[in-house]
Q: 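Below are the structure tokens for one structure; questions will follow.
Atoms within a ligand are numbered from 1 in the order they appear, just like the ligands themselves.
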Amino acid sequence: MTVREFPLGRRVILDELAQDPHPILARLRVAEPVSWIPARGGWLITRYDLAVHVLRNPATFTVDDRRFSTSQVIGASMLSLDGADHARHRAPFAHPFHPTRVRNRFTALVEATTDRLIAAMRPGGGADLRREFAGPLAADVITHVVGLRDVSAESVLAWYDTIAGAVSGVTAGGPVAAAGAQAFSHVRTAVVRSLDRYDRPSLLTQAAQARLSRPEIISNAAVLLFGGMETTEGMIANAARYLLGDPDTLTLVRDRGDLVPNAIEESMRMEPAAAIVDRYATRDVELAGVQIQRGDLVSVSITAANRDPAVFTNPDRFDVRRPNARLHLAFAYGPHFCLGAQLARTETVIAMSRLLERLPGLRLDPDCACMPQGLVFRKPQALPVRWTA
Ligand code: HEM
């Protein structure tokens with residue numbers, strides 16, 4: 001491989017991917033669907049079929065590598081293991097996160113938390129929907145679901161902001177930031193404290209009975225909390241951004257509440273909260289005519305795959321009636337398909353439905369640019385909105 005073979009990839013800069021990646025990703029998808037990106041020191045996959053191929057073949061494209069960014073910050077977990085070890089780490093959590101069980105067990109919790117947050121915001125006539133609603137909702141729900149005790153959702157949210165920054169820093173090629181390691185030590189302490197109290201069974205105590213070791217429970221709990229907070233905050237904020245940013249669609253969805261679930265799938269297609277996932281080649285392999293070498297970093301751009309015109313017609317259009325919106329890869333694909341997908345969907349559907357119902361005239365603040373940003377985790381920095389109090 002020489003960089004001359006990948007002229008587009010050679011010119012990609014990380015800031016472009018973090019700010020507005022869609023134009024460059026569209027060009028890469030056509031000209032260099034498997035491209036070498038010197039700025040990341042790895043390959044970037046932008047076509048949907050190739051993304052699926054990579055994600056469903058862990059024997060060739062594994063997460064199990066010491067360079068994997070999340071495991072550098074929080075240790076080995078289901079997210080950073082493949083094969084039998086992956087199955088052992090994931091199994092204790094598969095049952096509680098099964099879609100039917102999530103719907104039956106957690107819908108009331110999500111509704112109550114949503115209602116409480118909306119009631120607190122409502123008299124003000126305006127708020128930052130990300131920090132005052134999406135973040136607290138996601139944090140409160142996952143803290144309860146995981147069974148963390150004696151810790152406020154605000155503290156956990158603050159730790160996770162720091163951990164997400166550290167993971168993004170490693171993905172961008174840097175070392176683990178000291179603040180990230182310290183934030184993880186707070187998570188560790190909170191998990192251990194909750195594990196030591198057996199009076200109420202929780203996801204954590206169940207995992208302990210399933211014979212995961214303490215460090216293994218802590219890392220997996222950290223992943224659950226991470227997905228439950230960082231990406232779910234992004235999913236809710238991005239859904240709100242897309243819906244409120246498109247007045248015609250907003251009117252349609254206000255009249256047709258049954259369109260909310262598909263509108264949310266469509267917003268995830270347009271702007272997945274986790275934009276890139278990393279794999280490492282376990283052997284020399286050819287992909288779309290490109291020779292990849294054993295050990296190479298192979299990143300899948302979920303953002304690019306989700307706008308592949310071979311799967312989604314008119315892919316840059318936000319179309320809440322799109323029949324195949326759910327084919328997006330925002331929750332990944334294959335053995336690492338997001339364990340929390342149903343919980344995140346439940347939260348976002350309830351959140352959006354009730355925001356529209358209970359905050360009359362809900363709209364974006366006219367001064368709000370609010371475009372999602374971020375190399376790995378993408379969401380608006382802030383989402384100022386107004387309504388008629
Ligand atoms: C309640 C909320 C959530 C929880 C508890 C959660 C939890 C998890 C867990 C435990 C995994 C690892 C699965 C495995 O490796 O076997 C995972 C994977 C993943 N999750 Fe989530 N998640 C949540 C929400 C989200 C959201 C909102 C998104 C994006 C919109 C998302 C995107 C992903 C992706 C892309 C992966 C795969 C990563 C990879 O393959 O490298 N998750 N999630």
Q: With the threshold set at under 4.0 angstrom, would you say Pro335 reaches ligand 1 through any of its heavy atoms?
A: yes

Q: Would you mind checking if Arg354 and Glu111 are paired as a salt bridge, meaning a charged N to carboxylate O distance below 4.0 Å?
A: yes

Q: Using a strict 4.0 Å cut-off to heavy atoms of Leu79, name the atoms of ligand 1 that fall inside it.
A: 12 (C), 15 (O), 38 (C)

Q: Among all protein heavy atoms in this structure, tell me which lies nearest to atom 43 (N) of ligand 1, with the distance rounded to 0.1 Å.
A: Cys338 SG, 3.2 Å

Q: Could you tell me which atoms of ligand 1, counted from 1 in the order shown, lie closer than 4.0 angstrom to a heavy atom of Met268?
A: 30 (C)

Q: With only distance considered, is Met78 within less than 3.5 Å of ligand 1 through an N or O on each side?
A: yes

Q: If the threshold is 4.0 Å, N to carboxylate O, is there a salt bridge linking Asp196 and Arg214?
A: yes

Q: Are any of the heavy atoms in Arg279 under 4.0 Å away from ligand 1?
A: yes

Q: For Met235, counting its heavy atoms only, list the atoms of ligand 1 lying under 4.0 Å from any of them.
A: 27 (C)

Q: With the threshold set at under 4.0 angstrom, would you say Pro272 reaches ligand 1 through any of its heavy atoms?
A: no

Q: Please determine if His336 has a nitrogen or oxygen closer than 3.5 Å to a nitrogen or oxygen of ligand 1.
A: yes

Q: Atom 1 (C) of ligand 1: which protein heavy atom is closest, and how many Å away?
A: Leu343 CD2, 3.5 Å

Q: Among all protein non-hydrogen atoms, which one is nearest to atom 2 (C) of ligand 1, and what is the separation to 0.1 Å?
A: Thr232 OG1, 3.1 Å

Q: Just how far is it from atom CZ of Arg345 to atom CE of Met235, taken to the nearest 0.5 Å?
A: 6.5 Å

Q: Please round to the nearest 0.5 Å and tell me the distance separating atom CG of Asp82 and atom OH of Tyr280.
A: 12.0 Å

Q: Roughly how far, to the nearest 0.5 Å, is the CG atom of Leu17 from the OG atom of Ser301?
A: 7.5 Å

Q: Is the positively charged end of Arg269 above the ring of Phe312, judged by distance under 6.0 angstrom from the centroid and angle within 45° of the axis?
A: yes

Q: Between ligand 1 and His86, can you find any atom pair, the residue atom being a heavy atom, that is separated by under 4.0 Å?
A: yes

Q: Test of understanding: given a 4.0 Å heavy-atom threshold, classify the contact between Ala341 and ligand 1 as side chain, backbone, both, or neither.
A: neither

Q: Going by atom types alone, do Ser267 and Glu271 pair a side-chain donor with an acceptor below 3.5 Å?
A: no

Q: Counting heavy atoms only, name the option from Ala330, Ala332, Ser77 that's nearest to atom 32 (C) of ligand 1.
A: Ala330

Q: Who gets closest to atom 25 (C) of ligand 1 by heavy atom: Val223, Val110, Thr231, Leu224?
A: Thr231

